[in-house]
J.: 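To start, I am sharing the structure in question, which I have written as structure tokens.
All heavy atoms count here, side chains included; hydrogens, waters and symmetry mates do not. The chain is numbered in sequence order, starting from 1.
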Amino acid sequence: MKKKIYFVYISLSGNTQSFVQRLTTFLQFQSNLEIEQVHVKDLVKQNLPFYEVDAPFVSFLPTYLEAGNGIDNGDVEIITMPLSEFIAYGDNASKCLGIVGSGNRNFNNQYCLTAKQYAQRFGFPVLDNFELRGMQNDIERVGRKIMELME
């Protein structure tokens, strides 16, 4: 019997969406998971209401911060706020198994800072991270972690 899991994400440049799609394909061949993708940006764009998910989920998001160094200034998260609102909706936060952050390592301390901020705010772990669109080894590593969580 298949176990359902949601991948709830926001993608602005397409990198996170590419990762989620490749991860979904990988898991369809490697597991018995039924994966439903929720691109929060699409919900907002289509004026659709947020809703409570009926199964566990993993969140994925890129890092977009206002300028600064991400430590003592410029650590205000921007643009991805609809994902935060979706997680906060109803009982969703309690169903989140964790978050996977992405970003550009050139941004040093800001790399995946948004994922860390979400984890701290909602009380779930940062499961992993990847740079830009992610490589195949990132897909496999994150995929294995998700399979373990769903055992």
Side-chain angles (χ1 to χ4, degrees), residues 4-27 33 35-71 73-150:
K4 184 174 184 178
I5 185 171
Y6 288 91
F7 287 170
V8 178
Y9 70 99
I10 192 160
S11 184
L12 304 166
S13 63
N15 287 344
T16 304
Q17 185 169 19
S18 169
F19 187 88
V20 168
Q21 289 172 341
R22 290 180 291 135
L23 178 61
T24 298
T25 300
F26 172 79
L27 287 170
L33 297 176
I35 300 158
E36 185 170 327
Q37 297 178 12
V38 179
H39 190 179
V40 174
K41 185 174 120 180
D42 288 345
L43 295 177
V44 172
K45 193 184 329 180
Q46 298 171 28
N47 255 349
L48 297 172
F50 290 162
Y51 56 90
E52 286 192 49
V53 294
D54 59 0
F57 71 96
V58 172
S59 228
F60 299 81
L61 84 156
T63 300
Y64 285 91
L65 302 170
E66 292 182 325
N69 63 16
I71 299 172
N73 61 27
D75 62 356
V76 177
E77 195 263 340
I78 59 170
I79 304 177
T80 63
M81 288 306 294
L83 179 62
S84 174
E85 293 164 6
F86 186 92
I87 293 169
Y89 186 85
D91 197 33
N92 283 347
S94 71
K95 295 177 185 144
C96 187
L97 301 173
I99 194 158
V100 177
S102 67
N104 186 327
R105 291 188 196 277
N106 288 343
F107 297 142
N108 300 316
N109 291 320
Q110 288 183 337
Y111 176 69
C112 296
L113 183 60
T114 309
K116 295 171 191 168
Q117 290 172 335
Y118 276 44
Q120 185 175 24
R121 174 180 171 195
F122 292 108
F124 47 65
V126 175
L127 298 174
D128 211 320
N129 64 76
F130 62 93
E131 188 173 22
L132 303 173
R133 290 176 98 77
M135 304 292 283
Q136 184 61 31
N137 63 325
D138 297 317
I139 297 286
E140 293 171 10
R141 185 184 67 250
V142 172
R144 283 191 301 275
K145 287 181 181 182
I146 290 170
M147 286 187 286
E148 287 174 17
L149 286 170
M150 293 296 291

J.: If every non-hydrogen atom of I99 is compared with every non-hydrogen atom of A119, which pair is closest and at what distance?
T.: CG2-CB, 4.4 Å
J.: Could you pull out the closest heavy-atom pair between N129 and R141, with the gap in Å?
T.: O-NH2, 3.0 Å
J.: Once rounded to the nearest 0.5 Å, what's the spacing between atom OH of Y9 and atom CG of L61?
T.: 13.0 Å
J.: Do K41 and V44 have side-chain heavy atoms sitting under 4.5 Å apart?
T.: no
J.: Please test R121 against Q117 for side chain to side chain contact (heavy atoms under 4.5 Å, CB included), starting from the C-alpha separation and ending with a verdict.
T.: CA-CA 6 Å; R121 174 180 171 195; Q117 290 172 335; over 6 Å; no
J.: Give, for atom CD1 of I35 and atom CG of L27, the distance between the pair rounded to the nearest 0.5 Å.
T.: 4.5 Å
J.: Does any part of the side chain of F86, heavy atoms only, come nearer than 4.5 Å to the side chain of I10, both counted from C-beta?
T.: no
J.: Please name the residue in the list D54, V58, L97, N92 that meets the side chain to side chain contact (heavy atoms under 4.5 Å, CB included) test with Y6.
T.: D54
J.: Do S102 and F60 have side chains that approach each other closer than 4.5 Å (heavy atoms only, starting at C-beta)?
T.: no
J.: Measuring from N104:CG to C112:SG, what's the distance to the nearest 0.5 Å?
T.: 10.0 Å
J.: Find out whether Q17 and Q37 are in side-chain contact, i.e. whether some heavy atom of one side chain is under 4.5 Å from a heavy atom of the other.
T.: no
J.: Just so I know, are the side chains of F26 and V142 near enough to count as touching, which here means a heavy-atom distance under 4.5 Å?
T.: no
J.: Tell me whether the count of non-hydrogen atoms from other residues, nucleotides or ligands lying under 6.0 Å of CD in Q120 goes above 12.
T.: no
J.: Which pair of heavy atoms, one from V126 and one from K116, lies closest together, and at what distance?
T.: CG2-CA, 3.9 Å
J.: Are Y51 and L43 side-chain neighbours, meaning at least one heavy-atom pair lies under 4.5 Å?
T.: yes
J.: State yes or no: are the ring centers of F122 and F124 separated by less than 6.0 Å?
T.: yes
J.: Quick one: does V40's side chain get under 4.5 Å of F50's, heavy atoms only?
T.: yes
J.: Out of curiosity, T16 OG1 to L23 CG, how far, rounded to the nearest 0.5 Å?
T.: 12.0 Å
J.: Rounded to the nearest 0.5 Å, what separation is found between the OG1 atom of T24 and the CD1 atom of I5?
T.: 9.5 Å
J.: Output yes when a side-chain donor or acceptor of K145 lies under 3.5 Å from a complementary backbone atom of D128, and no otherwise.
T.: no
J.: Enter the distance from F19:CZ to S11:OG here, rounded to the nearest 0.5 Å.
T.: 12.0 Å
